[in-house]
S.K.: 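Structure provided below as structure tokens; questions to follow.
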Amino acid sequence: MSSSNESPVVTRFAPSPTGSLHLGNARTALFSYLWARQTGGKFILRIEDTDAERSQERFRGQLMADMRWLGLDWDEGPDVGGPAGPYAQAERGDFYALLYERLSAEALAYPCYCTAQELELSRKLQRAAGRAPRYDGTCRGLTPAQRIERAARGLRPSLRFAVPGNRSIEFIDAVHGPQRFASNDIGDFVIRREDGTPAFFFCNAVDDSAMGVTQVLRGDDHLANTPRQLMLLEALGMRCPAYGHVGLLVGEDGAPLSKRHGSASAHEFRERGFLNSAVLNQLFRLGHTGDTDAWVPAAEMPAHFRPQHLGRAPARFEETQLLHWQKESLERLSSAQIAQWLGAGDSAEFVELVRHNVLLPADAVAWRAVVRGELAPLDAEERRVVAAAGAAFFAAAGEAYEHSSGDLKALTKLLKERTGRKGSDLFMPLRVALTGKAHGPELAQLLRLMPPDTVRRRLQSYAQNT
RNA sequence: GCUCCCUUCGUCUAGAGGCCUAGGACACGGCCCUCUCAAGGCUGUAACACGAGUUCGAAUCUCGUAGGGAGCGCCA
């Protein structure tokens with residue numbers, strides 16, 4: 001709303017298809033999406049599948065399905081195309097080759113013949129000497145003759161970017177504010193692997209630029225790497241996007257969110273029955289403060305997003321808060337939608353009855369069983385209630401039931417006259433005997449849905465042995 | 001080891017020198033309502049990591065300390 005007159009931003013989400021959509025990634029995707037939508041800009045999806053080992057076609061599909069489920073639709077991407085395609089890095093080899101050539105021709109990059117063992121040793125040595133373990137530049141000054149000699153030995157080179165010395169790289173982070181790094185702290189890094197595939201620092205930066213991305217939003221873990229990408233783009237004469245680094249999403253133990261914390265992917269929450277609007281509302285408030293505390297429908301979220309209120313500190317994900325948004329989301333569903341969400345072909349009465357007592361579809365299972373005539377064992381509190389009422393109470397209740405034709409009001413009226421009990425003393429033992437639980441939906445309707453035989457059996461069993 | 005980042009109630013956060021005896025939301029407790037739970041209404045507990053400084057005045061600025069995190073990879 002307030003920001004709609006700002007110039008359109010182009011944002012992107014650039015996952016690697018090596019797993020399903022992680023909650024932390026889902027959140028940066030959401031922020032990026034909202035930012036673009038808020039300004040009438042564009043949101044791009046780019047698949048970073050340069051790691052052929054770990055990238056899988058099924059993950060790519062699942063990633064996109066999870067994003068669609070969350071409603072994060074993209075304007076340009078591998079499936080919908082766009083002017084800057086292709087949108088999967090595995091298909092952008094020609095573009096990268098061009099840039100490698102340029103960098104090599106201008107001596108801004110050079111082949112490196114160091115072996116993994118040599119690099120490992122060098123790092124170890126530097127660490128031991130109390131210095132940052134960065135590439136020592138062995139191959140930077142190689143003469144053409146030396147290169148030919150190494151190639152002749154069958155060594156396949158990687159390509160390294162020649163980091164300029166004595167430079168101060170400054171930029172304004174959209175979240176952290178002004179940043180300054182020294183190029184002398186940064187070693188020459190690989191931009192093309194020995195096998196010819198592009199390395200992250202390179203293809204990620206170069207693609208953002210080429211695709212017209214104006215605002216990159218990503219996790220804090222990339223903050224210290226940003227100067228590399230800036231130097232690279234500068235060397236190439238390419239436009240630099242603005243960068244913003246949000247604090248990481250961590251689990252309840254404070255460690256970065258992972259499988260250890262149970263569900264860590266959007267997919268798992270979806271499978272458990274969380275609504276997309278619940279997940280959206282939760283992510284919206286993790287490391288971000290919108291302009292409202294209230295539940296926000298997905299369609300209105302862009303208007304409530306405030307990019308200047310993105311958080312620097314790590315945000316802790318707690319399921320209890322997600323549960324709150326689930327409750328809010330559920331309240332806004334029609335009964336037909338709830339029935340579909342429960343997915344068990346329940347009757348309309350049943351759905352209406354349990355909808356306020358259910359947060360996840362799994363919660364309905366117990367009530368379905370109660371109505372069907374199955375009873376779970378009582379816990380300590382519930383046994384106490386039954387015992388306190390006594391066998392005579394249930395005998396009277398059984399009798400009253402026969403004269404009330406399934407109507408709770410009539411039943412309790414008779415029972416009240418016969419036992420002198422009222423209020424909670426009257427209803428609680430009845431509820432526990434009939435449903436096996438101290439809490440739950442409206443008893444009158446529950447009673448109506450229960451088969452008479454079941455009701456008789458339950459009351460009788462307590463009339464005999466309590 | 002070096003460089004960088006972070007630190008307000010249990011959790012998410014508001015706060016950009018006086019509006020702060022620090023506000024909201026979730027969670028938790030109490031009361032009301034009620035057959036129970038939920039919903040709703042009212043209400044309570046609970047935080048500026050620590051220490052110096054700057055200032056008439058600091059959660060807010062500076063510097064230290066502590067704790068946490070990231071990067072320094074032919075992983076993204």
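Here is the naming used below: chain letters follow the sequence lines, and residue numbers restart at 1 for every chain. Keep in mind the model is a prediction, meaning the values are calculated, not measured.
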S.K.: Please tell me which of the listed nucleotides, B/A38, B/A76, B/U36, lies nearest to the side chain of A/R54?
M.R.: B/A76
S.K.: Could you check whether A/D51 gets within reach of a base, just the sugar-phosphate, or nothing at all, counting any heavy atom under 4.0 Å?
M.R.: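 A/D51: backbone/sugar contact only, no base atoms under 4.0 Å.
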S.K.: Of the options B/A76, B/C6, B/C74, whose atoms approach the side-chain atoms of A/E194 most closely?
M.R.: B/C74
S.K.: Would you indicate, yes or no, if B/C6 has its OP1 or OP2 atom less than 4.0 angstrom from a side-chain nitrogen or oxygen of A/H176?
M.R.: yes
S.K.: Within the 4.0 Å heavy-atom criterion, would you say A/R431 contacts the bases, only the backbone, or no part of the nucleic acid?
M.R.: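 Base contact.
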S.K.: Between protein and nucleotides 66-72 of chain B, what N or O pairs are separated by less than 3.5 Å?
M.R.:
from, atom 1, to, atom 2, distance (Å)
B/A70, O2', A/D221, O, 3.0
B/G71, O3', A/N225, OD1, 3.4
B/G71, O2', A/N225, OD1, 3.0
B/C72, O2', A/P133, O, 3.3

S.K.: Base, sugar-phosphate, or nothing: which does A/E331 touch, judged by heavy atoms less than 4.0 Å apart?
M.R.: nothing
S.K.: Across the strands shown, which category fits A/L443 at heavy-atom distances under 4.0 angstrom: base, sugar-phosphate, nothing?
M.R.: base
S.K.: Using the side-chain heavy atoms of A/E48, tell me which of these nucleotides is nearest: B/G73, B/A76, B/C4.
M.R.: B/A76
S.K.: Checking contacts here: which listed nucleotide (B/C74, B/C26, B/C12) is nearest the side-chain heavy atoms of A/R285?
M.R.: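 When the side chain of A/R285 is considered, B/C12 is the closest of B/C74, B/C26, B/C12.
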S.K.: What's the verdict on side-chain hydrogen bond (donor to acceptor under 3.5 Å, both in side chains) for A/Q89 and A/D207, showing C-alpha distance, side-chain angles and the deciding distance?
M.R.: CA-CA 8 Å; A/Q89 290 183 329; A/D207 280 345; 2.9 Å; yes
S.K.: Tell me what A/S16 touches on the nucleic acid: a base, only sugar-phosphate, or nothing, going by heavy atoms under 4.0 Å.
M.R.: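 Counting heavy atoms under 4.0 Å across all strands, the contact made by A/S16 is with sugar-phosphate only.
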